[in-house]
Amino acid sequence: MKKLPFSNLPTLRLSSKIFWALFAPVFIVSLLTGTLLLSTRFNDLNRNLYERTSHITEQVATTSEYAIVFSDQNMMYRILQNALNNQDISSVQLFNSEQKLIAELGKAPEASSTNFPENTFIKQYDNYIESISAIHYTNNTLDGAFNTQSDLFNTVDQRSLIGWVKIEANKSAIQIEKYQYACLVIFILLFFNILVILGAFHLSKTLTLPINRLSSALNKLVKGQFSGAKLMKLPPEYAALQKDLLDLSERLEHHNEELIAGIEQSTEDIRRSMDSMEEKSAQLHIANREAMESNRLKSQFLANISHEVRTPLNAILGYTKTLQKDITDTQQRLYVDTIEQSTNSLLTIIGDILDFSKIEAGKLNLESNHFNLKTLLDDVYQILSINLLTKEKQIDLVPEFSQDVPEWFVGDSTRVRQILTNLIGNAIKFTHQGSVRTKVSIASQTPQEITLSFQIIDTGIGIAEHKINRLFKPFSQVDTSTTRQFGGTGLGLVITKKLVEQMNGKIEVSSDPSIGSTFRFTINLKTSPKLGNDKSALNRHTVLLEPSATYKSYLTSYLQSIGVSCTACSDLEQMVSLLNKQHETIDAILLSVMPDEQSVAEARELITYSAKQFSIPCILMIQPPGQIAHYPDLKEICSDILLKPISHDRLYSALQHLSNNNTPTTTSISPQQPQINVLQERIRGLKILAVDDSPINLQLLKHWLVPIGIDVSLAYSGRQAIDMAISESFDQIFMDIQMPEMDGMETTRQLRQIESYKNTPIIALTAHALGSEQQQILASGMNAYLTKPINEELLLSTIETWHSNTKSFQDQVDDKLAGIFDLEKALEIVDGKTIIAKEMFDMLADSLDAEKKLIQHHLENQDTEKLIEVVHRIHGASKYTGTINIARHAGFLETHLKELGLEDVSGVAEDFVEAIEELLNHRQLIPWPQPLDSTI
């Protein structure tokens with residue numbers, strides 16, 4: 001029966017093993033025997049030639065003594081001829097005592113040796129043996145015939161050197177004999193090994209034949225050919241094995257029948273299950289669609305609820321600030337301040353919910369702008385101290401910067417402020433006494449990026465170790481009692497953690513209820529070319545009265561850094577005594593005032609005394625919750641009033657511009673007032689159209705703008721705004737977004753169709769805070785947007801900014817798209833066919849969100865090949881869609897990956913991802929030609 005090729009492989013291997021097990025020992029033994037025979041024979045031949053040559057040399061030397069002595073040439077040649085008659089001897093030479101050749105027979109010697117030893121010398125060469133022996137003459141008795149020469153021989157010793165014999169023996173004869181012997185041995189061994197090979201091959205086949213048959217039978221069993229396996233025949237020696245195999249075949253055949261029956265039953269069950277799964281899959285698909293729709297509705301609801309809540313809050317805050325300007329009654333002012341703080345708290349909650357929604361949807365994008373970190377931290381402390389500190393809660397708020405930390409960075413200052421506000425605000429909430437310190441240092445640094453390390457350290461109530469894991473969970477707080485005491489949504493730390501991670505950092509916390517808590521986090525920011533203002537040394541001496549030891553140490557350290565020496569006093573008596581003794585060397589007094597009547601009265605007396613007696617100016621440091629406006633009488637008599645925690649810049653400016661007159665110094669108290677007056681002069685006389693469906697918001701705008709000389713017209717719907725724009729001319733338009741019948745974006749698009757309003761600044765006043773909606777607002781034709789609730793100063797600043805802007809709307813759009821998208825290039829590639837160009841662009845833009853996630857996934861998994869594949873795909877598509885910025889950064893990243901791999905790729909990849917996000921953010925601003933081509 002013919003076997004399959006793959007079934008022979010194991011048998012062949014086994015047959016080869018048996019063959020080599022039989023043949024290898026015999027082959028090795030025969031090889032060793034042949035080597036031993038050849039070696040022994042060759043040594044014998046060499047030794048025999050050596051001995052014969054030596055013997056002949058000695059014989060010639062002995063027989064040629066008299067011939068040399070008597071110079072008998074005939075005798076010499078007879079002796080040499082006798083030696084040459086040996087078949088191995090090729091040359092015989094005789095030399096006298098002076099080493100001169102006197103007789104020679106045979107062919108010319110191979111080499112003439114100049115070495116004539118005193119005894120016998122034999123040397124072997126490749127083709128011959130050279131033997132040299134000295135010839136001595138022995139004078140035992142002198143005959144009478146030689147008596148006449150007795151005088152001569154009496155002078156010679158009994159044994160004298162009279163010459164040499166040199167014999168060369170050729171090896172050619174023994175070489176031939178060696179070859180003959182070697183051929184004979186090799187032939188015998190080869191013949192023997194061929195016989196062994198044939199025998200071993202036959203024996204291995206005989207031994208493996210049953211195994212081959214058994215393998216064939218097993219192969220048939222594997223294929224289910226049970227009848228063929230039963231017909232297998234093995235030698236009698238394998239009868240037991242054949243019986244077991246037949247039994248196994250029957251068992252397998254029976255089991256196979258059962259298995260087939262089971263498979264048929266399982267197949268039927270699976271078919272039924274598949275029907276059920278298909279039904280469940282359809283239900284799951286429907287549920288998934290419902291969930292996605294629910295998520296969309298949730299986002300829409302958040303956007304709508306944001307609008308609906310921010311709209312009345314805008315009026316509440318606006319009118320609250322308007323009331324604050326005129327209220328003089330302390331109790332009524334307290335009520336108004338409470339309304340403002342409560343409204344701001346509600347805005348904070350709304351902001352947290354919206355941010356959490358953005359984070360869940362993956363739509364929270366970071367911006368890039370230059371900001372001063374030290375000023376930002378000062379602002380955070382100032383705002384939190386006003387809102388959170390009370391008379392009962394007097395704690396020190398201390399910022400600490402390492403000396404190597406620069407002032408300016410590039411990043412999302414709004415999100416950095418949000419992180420610090422959440423963490424420092426929590427620390428202040430849960431700290432009743434002591435301090436809240438913020439330490440800032442550099443964790444790592446490159447020429448382009450800096451990793452900053454922040455520590456917010458408080459001396460508050462702390463957190464139990466088993467409750468720390470609840471901190472970063474949504475809508476969760478440590479326990480319900482603190483929730484009722486301190487309030488909050490439970491989203492602040494969740495948002496903070498996500499923001500830190502989005503800035504490529506990490507956050508952690510350690511706490512001890514007996515000591516306090518420490519929150520640590522790192523963020524990555526880019527370096528800024530802006531440099532901090534180097535403050536020159538003031539070279540002044542001050543006296544400081546600060547009850548807190550921590551804050552006293554902080555102020556003293558900062559004053560020394562700006563060249564101001566400081567003497568700290570513990571109470572008023574010590575300060576008065578110091579003034580009396582050293583008033584000539586004192587330039588100013590730094591006085592901390594607590595928010596109580598006694599402290600204010602003592603401060604008034606000290607300021608009056610120092611001014612009248614010594615003409616020393618005084619700088620007040622007010623402890624929150626007190627505000628500058630609460631101390632009008634002190635403003636008249638002191639040089640400056642600063643709100644704690646003290647801003648470095650404000651303190652430096654106050655010390656730099658010391659004054660001791662009895663007129664209020666408002667430069668540092670209210671620096672924005674002169675700026676507001678200047679803005680009012682610049683925008684006076686403008687004609688503005690305000691469009692909103694809320695009469696309250698329109699009246700608020702009118703209350704703000706009419707008193708400063710701006711002509712404000714009000715429209716309560718989009719249609720009314722268009723009618724008014726046609727009949728009148730306006731310098732600027734403020735547009736609400738969400739309005740019935742016609743929303744603000746559609747109204748803007750129709751206004752842009754009017755020739756006289758193509759370049760008129762249109763600013764959105766909206767409660768919508770989602771990034772995608774902001775892009776839709778700008779794409780509709782609006783120049784900018786302000787988020788409700790609107791700040792009066794920001795509103796005036798915006799009006800002045802767009803009043804002085806001379807660029808057309810199209811110029812502004814082109815500026816935003818410059819370097820991001822080239823419309824002319826996109827149309828040129830498709831011969832100006834707008835439909836094709838837009839379809840190609842939309843295909844690329846629609847895929848970029850998914851491609852961006854793929855890039856981040858492959859970067860995390862260090863998969864270079866797949867990363868190159870994705871980048872190459874985007875690079876190729878971007879060249880045909882006008883997305884010049886993406887094409888450029890894709891080329892950079894693809895080249896880097898191919899040449900350097902993943903080495904230092906993070907910065908290049910981040911630039912590429914930023915280019916993608918920048919395009920998606922400005923996608924709706926692209927001014928595709930309208931109407932689109934109807935033909936391709």
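What you see below is based on every heavy atom in this structure, not just the backbone, and it leaves out hydrogens, waters and symmetry mates. One-based numbering along the sequence shown. Computed from a predicted model, the values in this text were never measured in an experiment.
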Provide the full list of salt bridge (charged side-chain N to carboxylate O under 4.0 Å, His left out) pairs with a residue in residues 540-550, sequence neighbours left out, each pair given once. Glu546-Lys644
Hey, what do you get for CD (Gln656) to CG (Asp640), rounding to the nearest 0.5 Å? 12.0 Å
Counting distance only, does the side-chain N/O of Thr527 pair as donor-acceptor with the main-chain N or O of Pro447 below 3.5 Å? yes
Exactly one of Asn422, Ile457, Thr496, Leu493 should register a side-chain contact (heavy atoms from CB on, under 4.5 Å) with Phe519. Which one does? Leu493
Check: Ser553 main-chain N/O paired with Ser557 side-chain donor or acceptor under 3.5 Å: no
Roughly how far, to the nearest 0.5 Å, is OG1 of Thr431 from CG of Asp396? 11.0 Å
Within the supplied structure, the quantity of interest is the number of heavy atoms (other residues, nucleotides, ligands) at a distance under 6.0 Å from Lys374 NZ; does it exceed 12? yes
Contacts of Thr567 that satisfy side chain to side chain contact (heavy atoms under 4.5 Å, CB included) - sequence neighbours left out: His541, Leu578
Donor-acceptor pair, distance only, cut-off 3.5 Å: does the side chain of Glu407 make one with the backbone of Leu373? no
Compare all side-chain heavy atoms of Thr556 with those of Leu544 and state whether any distance is below 4.5 angstrom. yes
List for me each residue that meets ring pair (Phe, Tyr, Trp, His ring centres under 6.0 Å) alongside Phe454, sequence neighbours excluded, and say none if there are none. Phe521
Under the ring pair (Phe, Tyr, Trp, His ring centres under 6.0 Å) test, which residues partner Tyr558, sequence neighbours left out? His648
Working to the nearest 0.5 Å, report the span between OG1 of Thr459 and CD1 of Ile395. 7.0 Å
Residues which pass side chain to side chain donor-acceptor pair (under 3.5 Å) with Asp649, listed by chain and number, not counting sequence neighbours: Lys535
Calculate, to the nearest 0.5 Å, the distance between atoms SG and CG belonging to Cys566 and Leu590 respectively. 6.5 Å
If the condition is side chain to side chain donor-acceptor pair (under 3.5 Å), which residues does Tyr551 pass it with, not counting sequence neighbours? none
Only counting residues at least two apart or in another chain, list the ones meeting side chain to side chain donor-acceptor pair (under 3.5 Å) with Glu400. none
Partners passing salt bridge (charged side-chain N to carboxylate O under 4.0 Å, His left out) against Glu449 (at least two apart in sequence or in another chain): none
In residues 433-441, what donor-acceptor pairs under 3.5 Å come from side-chain atoms, sequence neighbours left out?
from	atom 1	to	atom 2	distance (Å)
Thr438	OG1	Tyr381	OH	2.6

With Asn539 via side chain to side chain donor-acceptor pair (under 3.5 Å) - residues at least two apart: none
Nearest 0.5 Å please: distance from the CG atom of Leu591 over to the CG atom of Leu545. 5.5 Å
For Ser517, does its backbone N or O pair with a side-chain atom of Asp458 as donor and acceptor, under 3.5 Å? yes
His703 meets the ring pair (Phe, Tyr, Trp, His ring centres under 6.0 Å) criterion, sequence neighbours left out, with Tyr319
Would you give the length of the straight line joining atom OG1 of Thr421 to atom CG of Leu384, rounded to the nearest 0.5 angstrom? 5.5 Å
Quick one: does any side-chain atom of Ser577 pair with a main-chain N or O of Glu573 as donor and acceptor, under 3.5 Å? no
Applying salt bridge (charged side-chain N to carboxylate O under 4.0 Å, His left out), can you list everything that pairs with Glu501, at least two apart in sequence or on another chain? Lys497
